[in-house]
Amino acid sequence: MGVEEQLRQAIQSALEQLAASGRLPTDALHAVFTVERPKAADHGHLATNVAMTLAKAAKKPPREIATLIQSILQTEPLIEKVDIAGPGFLNVRLRPAAFHQVVADIELAGAAFGRALAGSGERVLLEFVSANPTGPLLISHGRNAIYGDGVGRVLEACGHRVTREYYINDFGNQVRLLAESVRASAKGLPPPEGGYGAAYVKILADWIVAHAPHALEDDAPEGLLSRFCISRMLEGVPGSEELLGIRNTLAALGIYFDNWYSEESLHRWGRVEASLAVLREKGCLVDLDDGALAFRAAEGEDDKDRVIRKNDGKTFTYFASDIAYHADKVGRGYDRLINVLGADHHGYVARLRGAIEQFGFPQDHFEVLLYQLVSLLRDGQPVKMGKRLGNLITIEEVTDEIDAAAGRKGAGADALRYYYLSRRNESPIELDIEVAKKQNLDNPVFYLQYGHARLCAILRRAETVFGLHVPRLTPQLAARLVHPDELAMLQQLGSFPRIVQDAARERAPHKTLFFLQELSQQFQSYFTRLKVEHDAILPQSWLTSEQGWEAKWDRDKTLARLAWVNAIRTVYAAGLGLLGISAPQRMDRPPAPEGVQETDDELDAPAS
RNA sequence: GCGCCCGUAGCUCAGUUGGAUAGAGCAGCGGCCUUCUAAGCCGCUGGUCGUGCGUUCGAGUCGCACCGGGCGUGCCA
C-alpha cells in the first residue's frame, strides 16, 4: 500500500472516532477528500483538504475540524508531524518506515503490481480500428489503433476481460470500387469513376494476375475478385514492401485482435434481415414514400430518421450492417460494449445508440470513445489525404524511418505509441510528417526506455561484478533507505495502482505515460546526483582500488538500494507494458556523430 | 443555424471528481563525463491559463455569453 492510501485510511478511521464521540456528524464518514503530494516541499509529504470539504456538513470552520483530525493523526506511529495551514489544509510529514511498505507489495506482486484483483471486472467487447480494408493502414489510423489498444491494456489491468474486435467492412460500394479498380489496373486501364488510384492497387492487380487470374472473370459484387482483394489487404501481398497487410501492420505495433468480424458474413447469413425484423416488431422502422426504409430511434435518442435501405428497395446502407453487427454483439452476452471512433463519426453515435437500445442493451454500458482527428502536415503545410489520391502516408513509412534512425527494429513502433499516447484522446493532433520521421535520439520515448535500461544495468552489474542478487527488503535493510529522493520515489511507486485505476476508469491511457515520465525523471536525477556526491549504489573504482576497501563499504546500504532499484524497475516495466512500449534491458550508447568537433572551424575559417 | 471537441510558455502537450506560488518535453542560453550507461544531470530565460461576467473560503478546472480553430449535421463509410 502506498503512503497515500495509508494516510487515507488513517483519516477515515479518525473520522470514525470523531463521529462516534459526537464531535462530527455521522455523514462525515462519507466525506470526499483528496490526499495528494503538495507541490511545495515545506508542505510535507502529503496534504489533505478533508477539513475543508467537511466544513459545510459539520457546520464548523475548516480549521476547527482540522484541529480535531490533527490530534488523532498525530498519535499514528508512522506519522511524524501534522500541521494545519492556510484555510484548513492538513500537511503531514511521515516517518521513513511509512514509505518502505510499498516495496514489500511490489516484491509480492511482481509484474502484476498495480493490477486490480482478477474476477472483479466486466466482460468487455472493445471494437477499434475497423478501418476499411480498401487500403493500407495510414498514419492517421494509428491513433485509433494505439489509443484503442491502450484502453484495452489498462482495462485488462483492472481485471476486465477484454475481447478485441476488428469489424471488416468487406461489403458494399467501397469494396466493389476497389475490385473494379484492380480489374482496370490488370487491364492497364485507369480506375473507374470514384475508384482507387494509389500505387497499391497496381501491386494488388499484379498479384491477382500472377496467382488468381480466374478471379478477374468474376463480375459478382461480392465475388471472387472482391474476396481476393480483401484478403490481400488484410494479410498482405507476399514479398511486397508496400502491402504488408493490415494485420501485419497492427502486429508490428503490438496490437492483436481476438476477432476479425466480417460485415459480408452478416449479409450472407441473413443476419441483416433478421435484425431488421426485430426492429420491425418493435415498431421503429419507417417506410418512406419513395420506397426507402428508415430507422426511427426512440424519443430523444436521435433527431431524424436514418435510412437503412435505399429507395431502390434493395441496397442496404452501412447502417443496416451496423444494426445487425451490434445486435450480434448484444447477443454475445458482454457486460459492456466499447467502440473507438474518430470524432468525424460522432454524428453517427446517436443512431447507433438508438438501435442498440432496441435490442435491450443497457445504455450506460455502451460507450463510444471519440478521439479527435489527426491532421497531417508536411513541413508545416497541410496534407490532403484520401484513399483515392496518391499521397498516402502509411504507418510503416513513418516507423521504418525511425527504426533506421535508432538502429533498432521496433523503435518506430515504440515512438509512434509514445506519440499518440502522450495526448488525451480529446486533444486534436497536428502531426508533421517530416518532423515525425526525423525523430532521432532526442525522441522522448527513448528517455523512458533509457531509464529502464539503466535500472537493469545496475542490477546486471551488481550480479556480474559483485555477485549480489536483489535481496528482500528486510527491516534491517530498510533502515538504510532514508535518502529523501529514495523515499519520494517510493511515494511515487505507491501511487501507481491509483494511476492505473484512474487511467482505466477515464479511458485515459496517457495518464500512465505521464506517471512514467515523472518516475524516469526522478530516478535519472537521483542517479546523477549520487554520482556527483560519490555515493553510488555500487562500489566504484575509487573505493575498490584501495586495499581492504570492503571494510569501508556500506554493504547493507547497497543491498537496500538494490531492492529499491528492483522495485522501481518492476513498476517501470509494468507501466511500459500498459503502454505497449518495449522495455529494453540495455540501450548502448550510440556512436558519437562524426564531424561534431569540426563545426567551429567553419566559423573560424578566414574568408577566402 | 444547431450539436460535439479543443484554446495553458516560442512549439508540442500535462494539469489528479475545484486546492496553496500553474508544470513537463522540445527550442534558446550557461554549466557537468578518469569512477554504477552523457539516449543523462543541474541552472537560467519564458504565462493577461482565448475574452468577459457569474457560482465560493478558493476557478486553468464548474455555469452563462462571446471570440477563434477542428469535426459533424449524407439514401458515403
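In the text below, chain A, chain B and the rest are named by the order of the sequence lines, each starting its count at 1. What's counted below: heavy atoms across the whole structure, side chains too, no hydrogens, waters or symmetry copies.
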Selection from B:G19, B:U37, B:C36 that lies nearest to any side-chain heavy atom of A:Arg460: B:U37
Contacts of A:Thr53 that satisfy side-chain contact (heavy atoms from CB on, under 4.5 Å) - sequence neighbours left out: A:Phe33, A:Asn49
Salt bridge (charged side-chain N to carboxylate O under 4.0 Å, His left out) pairs, two or more places apart, involving residues 508-519 of chain A: A:Arg37-A:Glu518, A:Glu506-A:Lys511
Ring geometry between A:Trp549 and A:Phe466 (parallel below 30°, tilted from 30 to 60°, perpendicular above 60°): perpendicular
Sugar-phosphate, base or nothing in reach of A:Asp344, heavy atoms under 4.0 Å: sugar-phosphate
Pair A:His326-A:Asn339, side-chain donor/acceptor within less than 3.5 Å: yes
Sugar-phosphate only, base, or nothing, as touched by A:Pro428 at under 4.0 Å among non-hydrogen atoms: sugar-phosphate
Sugar-phosphate only, base, or nothing, as touched by A:Ile429 at under 4.0 Å among non-hydrogen atoms: sugar-phosphate
A:Ala560: partners by side-chain contact (heavy atoms from CB on, under 4.5 Å), with sequence neighbours left out: A:Leu473, A:Leu477, A:Arg480, A:Leu481
Sugar-phosphate only, base, or nothing, as touched by A:Phe514 at under 4.0 Å among non-hydrogen atoms: sugar-phosphate
side-chain contact (heavy atoms from CB on, under 4.5 Å) involving A:Tyr348 - partner list, sequence neighbours excluded: A:Tyr318, A:Phe319, A:Asp322, A:Arg351, A:Leu352
Sugar-phosphate only, base, or nothing, as touched by A:Ala453 at under 4.0 Å among non-hydrogen atoms: base
Inter-nucleotide P distance (B:C62, B:A14), Å rounded: 15 Å
CA sep, side-chain torsions, deciding dist, call: A:Glu165, A:Tyr325, side chain to side chain donor-acceptor pair (under 3.5 Å): CA-CA 12 Å; A:Glu165 190 157 292; A:Tyr325 177 41; 2.6 Å; yes
Given B:U35, B:A20, B:U12, the nucleotide with the shortest approach to the side chain of A:His534: B:U35
Identify the pairs formed between an N or O of the protein and an N or O of nucleotides 16-18 of chain B at a distance under 3.5 Å, and give each distance.
| residue | atom | partner | partner atom | Å |
| --- | --- | --- | --- | --- |
| B:U16 | O4 | A:Glu36 | OE1 | 3.4 |

Below 3.5 Å between N/O atoms, which protein atoms pair up with nucleotides 40-44 of chain B? Just atom names and distances, please.
| residue | atom | partner | partner atom | Å |
| --- | --- | --- | --- | --- |
| B:G40 | O2' | A:Arg454 | NH1 | 2.8 |
| B:C41 | OP1 | A:Tyr447 | OH | 2.6 |
| B:C41 | O4' | A:Thr528 | OG1 | 3.1 |
| B:C42 | OP1 | A:Ser525 | OG | 2.9 |

Using a cutoff of under 3.5 Å, can you pull out all pairs of nitrogen or oxygen atoms linking the protein to nucleotides 2-4 of chain B, with atom names and distances?
| residue | atom | partner | partner atom | Å |
| --- | --- | --- | --- | --- |
| B:G3 | N2 | A:His346 | NE2 | 2.9 |

Side chain of A:Arg461 (C-beta onward), nearest among B:A77, B:G19, B:C36: B:C36
Sequence-distant partners of A:Phe89, ring pair (Phe, Tyr, Trp, His ring centres under 6.0 Å), two or more places apart: none
Residue list, salt bridge (charged side-chain N to carboxylate O under 4.0 Å, His left out) with A:Glu486, at least two apart or on another chain: A:Arg561
Sub-4.0 Å heavy-atom contacts from residues 53-67 of chain A onto RNA chain B, ordered by number: none
Options B:A20, B:C36, B:C75, nucleotide nearest the side-chain atoms of A:Ile458: B:C36
Nearest listed nucleotide, side chain of A:Lys531, among B:C13, B:C71, B:C36: B:C36
Options B:C76, B:G15, B:A39, nucleotide nearest the side-chain atoms of A:Phe446: B:A39
No-hydrogen, no-angle side-chain donor-acceptor test under 3.5 Å, A:Ser422 and A:His510: no
Stems formed with participation of RNA chain B [Watson-Crick or G-U wobble, under 3.5 Å, three or more pairs]: B:1-7 with B:67-73, B:10-13 with B:23-26, B:28-32 with B:40-44, B:50-54 with B:62-66
Contacts of type side-chain contact (heavy atoms from CB on, under 4.5 Å), residue A:Val470, not counting sequence neighbours: A:Leu459, A:Asn566
Sugar-phosphate only, base, or nothing, as touched by A:Glu430 at under 4.0 Å among non-hydrogen atoms: sugar-phosphate
A:Glu127-A:Ser130 side chain donor-acceptor pair, cut-off 3.5 Å: yes
A:Asp414/A:Arg408 salt bridge by N-O under 4.0 Å criterion: yes
Sugar-phosphate, base or nothing in reach of A:Ala462, heavy atoms under 4.0 Å: nothing
Between B:G23 (P) and A:Phe515 (CZ): distance, integer Å: 20 Å
